[in-house]
Amino acid sequence: MEHTGHHGDTTHDHAAHGSHESHQGHIGHAAHHGTHDARPGASWSMAVKATLHCLTGCAIGEILGMVIGTALLWGNVPTMILAITLAFLFGYSFTLFAVVRAGLGLKSAVKVALAADTVSIAVMEFVDNAIIALTPGAMDAHLSDGLFWSALLGGFAVAFVVTTPVNKWMIGRGKGHAVVHAHHH
């Protein structure tokens, strides 16, 4: 019966819950920062940003490679090799320029870029190119064909979904883009 009487006092109830909730929110916030400091960047937000960063470089390089290979009337294999090579080159260069701008020397910046992006770019390129290769007719489609672009962009979308958890896992262990973020502070 006392329990019912206690809940009848709504003023006390709301005040208690209001301060309890804000206290819990503060504890949760502090715990979040504790976790954040222990494993810098192990959040989904950081993993998404790292993956989008990688995806941008990969997409520019890969599309450029496809355009050049197609314009030069190369076959599928040399065109894909060029596209993948340029994807790595552009993917690394985005990170390289960012850490050089942050004050790192070129030799150290190259090491950071290689450490930060190799696994991410490799996973992304593998997934994207596998989807293009497995999409019926995509390898023979021309740049003016919707099939070419839908396979390429669809491949990037799937690669993003697959690569983001990989980046989150690596960042949480102080690898991948966590190496870059250490130079941004």
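- In this structure, Val162 is a member of the same hydrophobic cluster as Trp169, with clusters built from ILVMFWY side-chain heavy atoms closer than 4.5 Å.
- Inter-residue side-chain proximity for Leu106 and Leu96 is flagged as met; some heavy-atom pair is nearer than 4.5 Å.
- Considering every non-hydrogen atom in both Ala87 and Cys58, the closest pair reads CB-O, 3.6 Å.
- Residues Ile81 and Trp74 fall into different hydrophobic clusters, defined by Ile, Leu, Val, Met, Phe, Trp and Tyr side chains chained together at heavy-atom separations under 4.5 Å.
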Does the side chain to side chain contact (heavy atoms under 4.5 Å, CB included) test come out yes or no for Leu52 and Thr164, once each step is laid out?
CA-CA 9 Å; Leu52 285 173; Thr164 299; over 6 Å; no
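- Without hydrogens or angle criteria, Thr79 side chain to Asn76 main chain gives no donor-acceptor distance under 3.5 Å.
- Side-chain atoms of Phe88 and Asp117, non-hydrogen and from C-beta on, never get closer than 4.5 Å to each other.
- Between Val158 and Asp128 there is no side-chain heavy-atom pair separated by less than 4.5 Å.
- Residues Ile132 and Glu62 have side chains in contact (heavy-atom distance under 4.5 Å, counting atoms from C-beta outward).
- No donor-acceptor distance shorter than 3.5 angstrom exists from the side chain of Thr70 to the backbone of Val67, with no hydrogens or angles considered.
- With hydrogens and angles ignored, the 3.5 Å screen pairs a side-chain donor or acceptor of Asn129 with a backbone N or O of Glu125.
- You'll find the side chain of Cys54 stays beyond 4.5 Å of the side chain of Phe160, heavy atoms only.
- Scanning both residues, Ala47 and Ile171, for their nearest heavy atoms gives CA-CD1, 4.1 Å.
- Residue Val127 is not grouped with residue Leu152 when hydrophobic side chains (ILVMFWY) are merged at heavy-atom distances under 4.5 angstrom, including chains of intermediate members.
- Cluster annotation: Val100 and Val112 are assigned to distinct hydrophobic clusters (Ile/Leu/Val/Met/Phe/Trp/Tyr, side-chain heavy-atom contacts under 4.5 Å, transitive).
- In plain terms, the two heavy atoms of Phe148 and His142 that are nearest each other are CB-O, 3.3 Å.
- When all heavy atoms are compared, the tightest approach of Ile121 to Tyr92 is CD1-N, 3.9 Å.
- Contact detail for Ala116 and Thr95: the closest heavy-atom pair is CB-CG2, 4.3 Å.
- Looking at residues two or more places apart in sequence or on another chain, you find a side chain to side chain contact (heavy atoms under 4.5 Å, CB included) between Ile68 and Leu64, Leu72, Leu82, Leu86.
- Cluster membership check: Phe126 does not share its hydrophobic cluster with Ile63, using side-chain heavy-atom separations under 4.5 Å among Ile, Leu, Val, Met, Phe, Trp and Tyr.
- Remark: Val119 engages Val123, Val166, Met170 in a side chain to side chain contact (heavy atoms under 4.5 Å, CB included) (not counting sequence neighbours).
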